[in-house]
Amino acid sequence: MNNLIYAVIFALVMGGMYAALYALNHRTPVPEGCENLKEECEGCTISNCGNHPSQSKIIEGE
Amino acid sequence: MADLFSMAIAAILINNIILTKFFGMCPFLGVSKKTSSAIGMGAAVIFVIMGASIITYFLYHGVLVTLGIEYMQLITFILVIASFVQFTEMFIKKFSPALYKSLGIYLPLITTNCAVLYVAKDNITQNYSFIEMLVNSFSVPLGFLLVLYIFSCMRERLDIASTPNAWKGNPVALVAAALMALAFSGFAGLV
Amino acid sequence: MNRKENFIAGFVKENPVFGLYLGLCSALAISTTLDNAIGMGLCVTLILTASNMIISAIRKITPDEIRIPVYIVVIATLVSAVEMLMAAFMKELYANLGVFISLIVVNCIILGRAEAFASKNGIVDSALDGIGMGLGYTFSLLLISGVREFLATASWTITNPFNNQSFCTLVLTSLNHSRFPCSIHQQVHF
């Protein structure tokens, strides 16, 4: 029973840490000259990559 | 020492993570169009695997085993990897804009790279000591970088070759990858 | 009609493996036998449907800023649950699939569908999308593993994952050694 409580607390701590870091990271301003990294990405032909233009099309289209 | 060295050679050449275990196929096909992006991605993967492996190793042996909640392994590991990637991105955004310009675009993709989670889990299931864990989590992504770089060189060459229409793009790249896997199987008896 | 089209698209035009190149790692690594393909495909379908439904159900109360962390926690929880169930009830299949069950967490299909579809649509639509995409994935695994199992063993076998007894076996044997192939033996046990 104790284990279960530990597990829940641990999961909450880890999840909270990730959420906090994620939010902090997205609030940190992007350095100068890097604003259009996604649009300038030419490394990819395969739609799997999250930066690929077709990904944003799928998201907008639906 | 010799053991560690042969372990590293085995991880880089013989049991190459992409060509024999099929982990990290997504960036292998996705980010191999140009050699510069291949090196950027490979370097970012080495850094994230090293960092995430060390943290998960200590968390597993220090916290999960002590509290008797080993079944939380998967959730812990994926959250550590994701947090580590976020932290790294934030850190280089603040302190090294130049590095961010070259690596920034690859970092978010690493969260869903199965190689990272695989190495973290492998370090636990193989019962590695700390030194072995360090060697393993450095040499596995090094093999990843090596194969990614070679493959991107091949694709740059394929781009200017005249291929039949039906083979353009992914099909011919997949055939090239298959031939490369065949070549790497020649290392099998090395260690 | 629109729902039906979405469902069909998961099979052919937007097939996760052949069309979108999603989930290639597991598709290549475990597609050695039909059993593995069916087991893995159904696992992914189950997790994808469940995660799509949960994410769609909580889409209005999820803070937009931290939605990706929420998705990852939901998916990781589901995968852990499925992994433990499989370890308990389908030992053979669990041993064969190995680490790839836990790697479903980082399978791009699941996070991709959560972000692209489930976070914007209702529960029923999201569930249908999950089933369609999952079956499309299963279908492509079946195609690859059908070829690979036949090349490796010259037979097709389908096994019941719960007690590890084979349902049916299709064996290609050569009756006369100088000619190939001569007959197909079929054994069906029910």
Side-chain angles (χ1 to χ4, degrees), chain B residues 15 17-32 48-49 52 56 64 69-87 89 108-126 144 169-171 173-174 177-178 181, chain C residues 15-32 36 40 44 47 51 65-88 95 97-115 141 144 148:
Chain B
N15 299 323
I17 190 161
I18 297 178
L19 295 177
T20 64
K21 292 186 181 152
F22 304 114
F23 294 115
M25 283 302 289
C26 317
F28 180 61
L29 286 175
V31 205
S32 58
V48 170
I49 288 190
T56 51
L64 293 189
I69 47 172
E70 286 93 342
Y71 56 86
M72 297 290 290
Q73 199 197 46
L74 190 60
I75 298 178
T76 313
F77 283 14
I78 187 71
L79 286 176
V80 166
I81 292 167
S83 318
F84 188 74
V85 170
Q86 295 298 333
F87 178 76
E89 198 182 340
L109 299 177
I110 296 177
T111 312
T112 51
N113 183 345
C114 25
V116 185
L117 187 59
Y118 167 72
V119 174
K121 272 187 81 88
D122 199 40
N123 286 332
I124 304 298
T125 46
Q126 305 281 340
F144 179 87
N170 284 339
L174 285 168
Chain C
N15 184 299
V17 176
F18 297 136
L20 302 176
Y21 295 90
L22 290 176
L24 272 183
C25 320
S26 50
L28 279 173
I30 58 98
S31 62
T32 47
N36 283 356
M40 183 75 177
V44 170
I47 293 169
S51 78
E65 204 170 29
I66 56 161
R67 63 183 197 288
I68 305 252
V70 172
Y71 299 163
I72 287 186
V73 173
V74 168
I75 295 168
T77 314
L78 284 170
V79 173
S80 298
V82 168
E83 192 183 6
M84 284 178 226
L85 284 175
M86 284 188 73
L97 293 179
V99 72
F100 284 96
I101 293 291
S102 37
L103 288 180
I104 295 178
V105 177
V106 285
N107 198 319
C108 332
I109 302 173
I110 296 178
L111 199 60
R113 289 327 278 177
E115 168 81 357
L141 281 190
I144 306 174
R148 285 181 72 179

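Numbers restart at 1 for each chain; the letters A, B, ... are given by sequence-line order, proteins then strands.
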Please report the closest heavy-atom contact between B:T20 and B:N15, naming both atoms and the distance.
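Scanning both residues completely, I find the closest heavy atoms to be OG1-C, 3.3 Å.
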Validation row: B:N123, B:T56 side chains within 4.5 angstrom (heavy atoms)
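Counting from C-beta outward, B:N123 and B:T56 never come under 4.5 Å.
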Considering only heavy atoms from C-beta outward, does the side chain of B:I49 approach that of B:I110 to under 4.5 Å?
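Sidechains of B:I110 and B:I49: no contact.
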Under the criterion side chain to side chain contact (heavy atoms under 4.5 Å, CB included), I'd like the reasoning laid out for B:F77 against B:I124: C-alpha separation, chi angles, the key distance, then a yes or no.
CA-CA 11 Å; B:F77 283 14; B:I124 304 298; 3.8 Å; yes
From B:N113 CG over to C:C25 SG, what is the distance, rounded to the nearest 0.5 angstrom?
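SG of C:C25 is found 7.5 Å from CG of B:N113.
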How long is the straight-line distance from OG1 of B:T76 back to CD1 of B:I69, given to the nearest 0.5 Å?
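Taking CD1 in B:I69 and OG1 in B:T76, the distance rounds to 7.0 Å.
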I'd like to verify something: which residue of B:I18, B:I75, B:T125 has the highest number of heavy-atom pairs under 4.5 Å with chain C?
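Between B:I18, B:I75, B:T125, the count favours B:I75.
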Proximal to chain B - members of residues 66-74 of chain C, heavy-atom separation under 4.5 Å:
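Checking residues 66-74 of chain C against chain B gives C:I72, C:V73.
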Taking atom CZ of C:F18 as the centre, does the number of heavy atoms from other residues, nucleotides or ligands within less than 6.0 Å exceed 12?
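Counting neighbours around CZ of C:F18, more than 12 heavy atoms of other residues, nucleotides or ligands fall under 6.0 Å, so yes.
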B:Y71 versus chain C, the contacting section by heavy-atom distance below 4.5 Å
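For B:Y71, heavy atoms of backbone and side chain both lie under 4.5 Å from chain C.
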Would you mind checking which part of C:L111 comes under 4.5 Å of any heavy atom in chain B, side chain (CB onward), backbone (N, CA, C, O), both or neither?
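Side chain of C:L111 only, per the 4.5 Å heavy-atom cut-off to chain B.
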